[in-house]
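Just so we're clear, the structure is a prediction, and the values are computed from it rather than from any experiment. Protein chains get the first letters and strands the later ones, always in sequence-line order, with residue 1 at the start of each.
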Amino acid sequence: MIRLTELTKRYGPTTAVDGLSLELRPGHVTGFLGPNGAGKSTTMRVILGLDAPTSGTALIGGVPYARLSHPLRTIGALLDAKAVHPGRTGRDHLRVLARSQRLPAARVAEVLESVGMTSAADRRAGTYSLGMGQRLGIAAALLGDPQILMLDEPVNGLDPDGVRWIRTLLRSLAAEGRTVFVSSHLMSEMELTADRVVVMGRGRLIADTSMADLLASAGAGSRVRGPALRPLAGAFEGARFDDDGSLLVPGAPPRQVGARAFALGLELHGLEAIGSSLEDTYLRLTGDEVQFPAAAKEVGR
Amino acid sequence: MTAAPVRDHLRPLGLRDAVAAELIKLLTVRSTWWFAGGLAGLLLLMAVLDSGGGTASARSLTVGLTAVSYFGQYVVAAFGLLVITSELATRSVTVTFAATPSRGRVMIAKAVVTGVAGLVLGAAATALGVGTAAVRHGELPRVLGAAAEQVAATGVYLGLLAVVSLGVGALVRRSAGALTCMVLLLLVVPEVLHLAAERLDAPFLDTFAGWTPAQAGWRLMSGEWEYALVLGGWAVAAVGAGIGVLRSRDA
Ligand SMILES: Nc1ncnc2c1ncn2[C@@H]1O[C@H](COP(=O)(O)OP(=O)(O)OP(=O)(O)O)[C@@H](O)[C@H]1O
Ligand SMILES: [Mg+2]
């Protein structure tokens, strides 16, 4: 378990993390979201003892990182996939780590296999593509079979196959009772992977909740198509017809709308969830906190 | 006695694990072999090019001494500082610190491995160069004892110099900057001290110059073994300062 208490990190005039208190519990995939520069990577670096906090504490199972007797068996982290000596092969990179933790050498081949890097393991890391580097970094995080995994944008650069693989992996690790903490900017992916969400903006905590509650609070809705939907529209408060004739039902998920349509004996041609995807919810939550907004639409005219 | 056997992987990690990891690191990058080959090639080249002139009683020993002082020590300095600056440059030092959070343990492990590598490579290259020169000049049986001592002393010098350079690398953090500092320390500082001693008529500055690494190294290689202590002092100071910087800064 990771516990942050009133964690603050300043770099000169920049306050990267501002009084962050947080508890990451086992058995969950916690998605770590926030705009560029929100302080996600900084938080992770402080947890690993790479950067010293200006004030506050970051504890892992009750002790600071520096006091862990077997760091990589306790917490496996991927912060920066490029942080590898380019002249060393992927396999040798992992051999070094395995030896430093007194892990059996056979573990190296195991994790290489599990991230699909066996065939590239004897190439120098400098020749790896973005996704291959990312896979090597994930292999390093898994090396010590740790109870806690902390990954900074692991999906970055992975191919669709890899994205699906890591989604399944993280969920199964959490199901085994491990703590999984993963940052990402890919909301649709996070929606599928994480069951808890921590949102940061400008170094501060904006939200710390379950994915279900977050989405429910934003009110999921449905879009319905069919020849005669007036009775259904009458059954839901706030329902209205869209320009194309489909019925919009805010606040009611497709399951609920479908059940009502069935009860009313209505013919449906389409029924889909709309509205508050994680992306919409996230954008609403962080709207005020974006430090580097994209330029207005007029650009390029 | 029924003490439960402590399973190997449960014992706390220690310096030995860090040293073993650093050794794998050193052996799995090409630059190590380039430095080894460069140093050996340099000594061999000097041995082959040496004209054999002069009246020195043991020409081959002079060849070894000058080859190391004029060229070899800079190769070893570059080798030592790169052990840490290459990790700082690639940010892979964050992976190192994640595996071994103690900055002191990391640096001491690096110092052990770098020092032993400098000693072994330095001694081997010197043996190659001096041996070749001795054969060329037909001195071999006569100088064997003195040559063996010089090989050992040069190994000790280059091992300690590699550690000094490692410490400077941790202090300066950049390869180019650290190399500049090492050249200043080895070449320029003693010259300036000698000049100042002359101009200011202050002979104690000459003494100081004699304690700079390159001049202490010259004396060590010439058989004044007590200068190994001076170099040891430099190594401890440089690594200690390097640890201080690594501790005080964000990785
Ligand atoms: N070493 C550093 N020195 C100075 N400022 C830093 C340093 N590291 C981070 N910062 C600043 O701290 C703030 C938080 O950065 P951080 O990398 O933690 O954000 P992030 O949430 O990971 O962003 P992104 O989504 O872009 O990865 C930024 O303003 C950044 O410029
Ligand atoms: Mg980041």
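- Both the backbone and the side chain of B:Ala20 come within less than 4.5 Å of a heavy atom of chain A.
- Checking side-chain atoms of A:Arg107 against main-chain N and O of A:Gly144 turns up no donor-acceptor pair under 3.5 Å.
- Only the side chain of A:Leu97 comes within less than 4.5 Å of a heavy atom of chain B; its backbone N, CA, C and O stay farther away.
- Salt-bridge annotation for A:Arg99 and A:Asp92: absent, with no side-chain N of the basic residue lying under 4.0 Å from a carboxylate O of the acidic one.
- Two residues are said to be in side-chain contact when any heavy atoms from C-beta on lie closer than 4.5 Å; B:Glu87 and A:His85 fail this criterion.
- Among the candidates B:Ser102, B:Ala251, B:Ser248, B:Ala99, the residue making the largest number of heavy-atom pairs closer than 4.5 Å to chain A is B:Ala99.
- With a threshold of 4.5 angstrom between heavy atoms, A:Val96 approaches chain B through its backbone and through its side chain.
- The residues A:Arg204 and A:Asp18 are annotated as salt-bridged, a charged nitrogen and a carboxylate oxygen being separated by less than 4.0 angstrom.
- Heavy atoms closer than 4.5 Å to chain B are found in both the backbone and the side chain of A:Ala52.
- Side-chain atoms of A:Glu176 and A:Ser172 form no donor-acceptor pair, as typed in the model, at a separation below 3.5 Å.
- When each of B:Arg249, B:Lys25, B:Arg91, B:Arg16 is scored by its heavy-atom pairs under 4.5 Å with chain A, the top score falls to B:Lys25.
- For the set A:Leu79, A:Leu78, A:Asp51, the count of heavy-atom pairs under 4.5 angstrom toward chain B peaks at A:Asp51.
- Within the 4.5 angstrom heavy-atom criterion, only side-chain atoms of A:Arg124, from C-beta onward, approach chain B.
- Inspection of the B:Tyr227 and B:Gln215 side chains reveals no N or O donor paired with an N or O acceptor under 3.5 Å.
- In terms of heavy-atom pairs under 4.5 Å with chain B, the best-connected choice from A:Ser100, A:Gly87, A:Ser69 is A:Ser100.
- With hydrogens and angles left out, the side-chain atoms of A:Ser183 and A:Asp152 include a donor and acceptor closer than 3.5 Å.
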